[in-house]
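Written out below as structure tokens is the structure these notes cover.
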Amino acid sequence: MHDVVIVGAGPVGLFLACELGLAGCSVLVLEREPEPRSPWKADPLGMRGLSATSVEAFYRRGMLDPLLKASGVDDYPDADEPAPPRGVGHFAGMMLDPAKVDVAALPFRLPSPAMEGMMTHLEAVETVLYERASMLGVEVRRGVTVSAIAQDDETVVAQAGEHEYAARWLVGCDGGRSAVRGLAGFDFVGTEPQFTGYTMLASSADLQKLRPGFNLTPTGMYLQMPAEGHVGMLEFDGGAFDRSQRPTREHLQAVLRRVSGTDVTLSDVHLASSFTDRAMQTTTYRQGRVLLAGDAAHIHSPLGAQGLNLGVGDAMNLGWKLAATVHGYAPDGLVDTYTRERHPIGAWVLDWTRAQAAAMRPDPHAQAIQGVIRDLLGTRDGTTYVFEKTSGSSIRYDLGSEQPLVGRNAPDLRLEDGTRLGDLMQDGRGVALDFSVDRRLHGSAMGWGSRMRYAAGPAINDFGLGAVLVRPDGIVAWADDREPDREAFERAAGQWFGGPEI
């Protein structure tokens, strides 16, 4: 009997396993693929963008340096100065200029070792997470396909062949075609696709006929990546080319010629896959003792590169709540705040990708919209708006407080002695930062000593606050002015960390 069985050993499942292992839970991860390595995870096909908040999640768990090394990133910024945004991506294939981001307008921004987003690849992410999970005692079993799920009020059992795996909780992190989602009876609703997308690694003697980068055309879109032969395409065919079909060289060449308007010839296709912009989401992320995270809970097109970041956010939000529930000190309903907080974020990402698909359609109406969007992206306000959305800095959970920092991802607050918030979060506990002259919250915070760390002293930039309570996922749960209210702090601590220990 494990505390938690996780189905799926991708980035989301492994990140969640690390969170649970860090909190002292016994965790078993079941993965259907027999081998961890795949050309679809390595550079260039496995390249992914991590947003600022995702990079910060790795930083707060002490995994940023290993991730940078595994990703081949060696030019990370000085932690004492706010890092200017570097690559800020695109909207509907229309590139953003990092120089147009109004850094001063970004909310509650402080210097941090976590850079403003980075490029990595799935192999690097999974390698770092697997090594950390192993250190924490997490077991990963590969070549295991879950075929049935049964649960009662106390346990949940996953069946795979002749084997049964029992746990107190089960989390499906098994991707867009999630077996757990179907077996547990989750409702999955949304919109049908407008296009079929393709990504491939191919050889051709005349790829120079294709312009580099994103190219919106009268018949679709194509993308020529920096790696030779790495090409992406979108054709607005209503998603007619099903993923179960193998895209042949002839089919891919025909699509590429149609969307590019060239006569480019593919001599060989080494790897190819197709996808659509189908946008679906489960109506809840919990059914009894079964939960979902990542693509198992929501699918959408890769436009804007939000999928991995959305999944990391799910894992960070769920991990500490599920661990507190397992250990028995969670306040009533804590695990249900996972759906309440993350479902709206998932719904927003689906709409964000739908908006891009609508703007990319090869028709006069969409092309007129493209003109308007290009004008907006040419402005400082327009670029800043899109960056704020895609970086995660605009996310704010509704925690019932009017204090503007509450519900947001905490900035990397730093005490005058050099201690950073990120340093204090590496053991997975919450953090109480007390900037008051008389260390007013010290006695109160000791009541939750095993669930939160207490640090006191003047801060380099305290935003005019006297104290801040940060949840294990980095979200500000409570903040108060120069003379913090002890009773208000204790109420907030009880709301998120359960009753005091002493």
Side-chain angles (χ1 to χ4, degrees), residues 1-8 12-30 57 61 133 136-139 149-158 165-173 180 184 186 282 284-294 296-297 311-343 345 397 399-400 425 427-431 447-453 469-475 477-478 491-501:
M1 174 73 71
H2 288 82
D3 290 327
V4 183
V5 165
I6 297 171
V7 181
V12 178
L14 289 174
F15 205 114
L16 179 61
C18 289
E19 289 294 282
L20 293 166
L22 187 62
C25 298
S26 61
V27 183
L28 172 65
V29 182
L30 306 177
R61 296 300 187 256
L136 294 169
V138 172
E139 180 185 0
I149 293 173
Q151 62 172 313
D152 57 29
D153 291 341
E154 300 295 329
T155 60
V156 56
V157 178
Y165 303 93
R168 298 172 66 185
W169 295 86
L170 183 144
V171 187
C173 301
V180 172
F186 285 84
T282 54
T284 178
Y285 290 178
R286 177 188 175 191
Q287 292 276 21
R289 290 187 169 267
V290 180
L291 299 118
L292 301 178
V312 169
D314 288 349
M316 280 291 281
N317 188 285
L318 175 60
W320 69 279
K321 296 175 180 178
L322 188 54
T325 303
V326 165
H327 292 314
Y329 61 78
D332 290 343
L334 180 65
V335 77
D336 289 319
T337 66
Y338 167 58
T339 293
R340 189 158 64 244
E341 292 176 0
R342 292 302 297 174
H343 194 278
I345 307 301
Y397 300 140
L399 304 188
M425 299 193 69
D427 63 3
R429 289 186 287 170
V431 177
W448 289 270
S450 68
R451 303 170 202 167
M452 72 172 72
R453 300 185 68 171
L469 176 61
V470 182
R471 303 186 326 191
D473 57 354
I475 298 299
W478 172 86
R491 286 195 299 272
Q495 178 184 355
W496 296 107
F497 297 92
E501 301 160 283

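Values in this document were obtained by computation on a predicted structure and should not be read as measured data.
- Residue R471 holds its CZ atom at 10.0 Å from CE of M425, rounded to the nearest 0.5 Å.
- More than 12 non-hydrogen atoms from other residues, nucleotides or ligands lie less than 6.0 angstrom from CG of D152.
- Closest non-hydrogen pair, V29 versus A17, comes out as CG2-CB, 3.9 Å.
- In this structure, the separation between CD on E341 and CG on D473 is 7.0 Å, given to the nearest 0.5 Å.
- Judged by distance alone, the side chain of T337 and the main-chain N or O of L334 form a donor-acceptor pair under 3.5 Å.
- Here the side chain of R289 pairs a donor or acceptor atom with the backbone of D153 at under 3.5 angstrom.
- Looking at every heavy atom in both residues, A315 comes nearest to F15 through CB-CB, 4.1 Å.
- Judged by the 6.0 Å and 45° rule, R451 forms a cation-pi pair with Y329.
- Nearest approach of W320 to W496, heavy atoms of both residues: CZ3-O, 3.5 Å.
- Atom CD of Q495 and atom CG of D332 lie 12.0 Å apart (nearest 0.5 Å).
- Between I475 and L399 the shortest side-chain heavy-atom distance falls below 4.5 Å.
- Counting heavy atoms from C-beta on, the side chains of L291 and V335 come closer than 4.5 Å.
- Inter-residue side-chain proximity for S450 and R429 is flagged as unmet; no heavy-atom pair is nearer than 4.5 Å.
- Residues G288 and W169 share a closest heavy-atom pair of O-CZ3, 3.6 Å.
- Rounding to the nearest 0.5 Å places CG of L322 at 9.5 Å from NE2 of H327.
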**OP:** Check step by step if side chain to side chain contact (heavy atoms under 4.5 Å, CB included) holds for L20 and I6.
**Re:** CA-CA 10 Å; L20 293 166; I6 297 171; 4.1 Å; yes
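- In this structure, L469 and M452 have side chains that are in contact, with non-hydrogen atoms separated by less than 4.5 Å.
- Here the straight-line distance linking atom CG of L292 with atom OH of Y285 works out to 9.0 Å at 0.5 Å rounding.
- Remark: the backbone N or O of T339 is not paired with any side-chain donor or acceptor of R286 at under 3.5 angstrom.
- Here Q287 contributes atom CD and L170 contributes atom CG; the two are 13.0 Å apart, rounded to the nearest 0.5 Å.
- The shortest heavy-atom contact between I345 and Y397 is CG1-CE2, 4.0 Å.
- Nearest heavy atoms, A57 versus V312: CB-CG1, 4.2 Å.
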**OP:** For D3 and V27, run side chain to side chain contact (heavy atoms under 4.5 Å, CB included): C-alpha distance rounded to whole Å, both residues' side-chain angles, the deciding distance at 0.1 Å, then the answer.
**Re:** CA-CA 6 Å; D3 290 327; V27 183; 5.9 Å; no
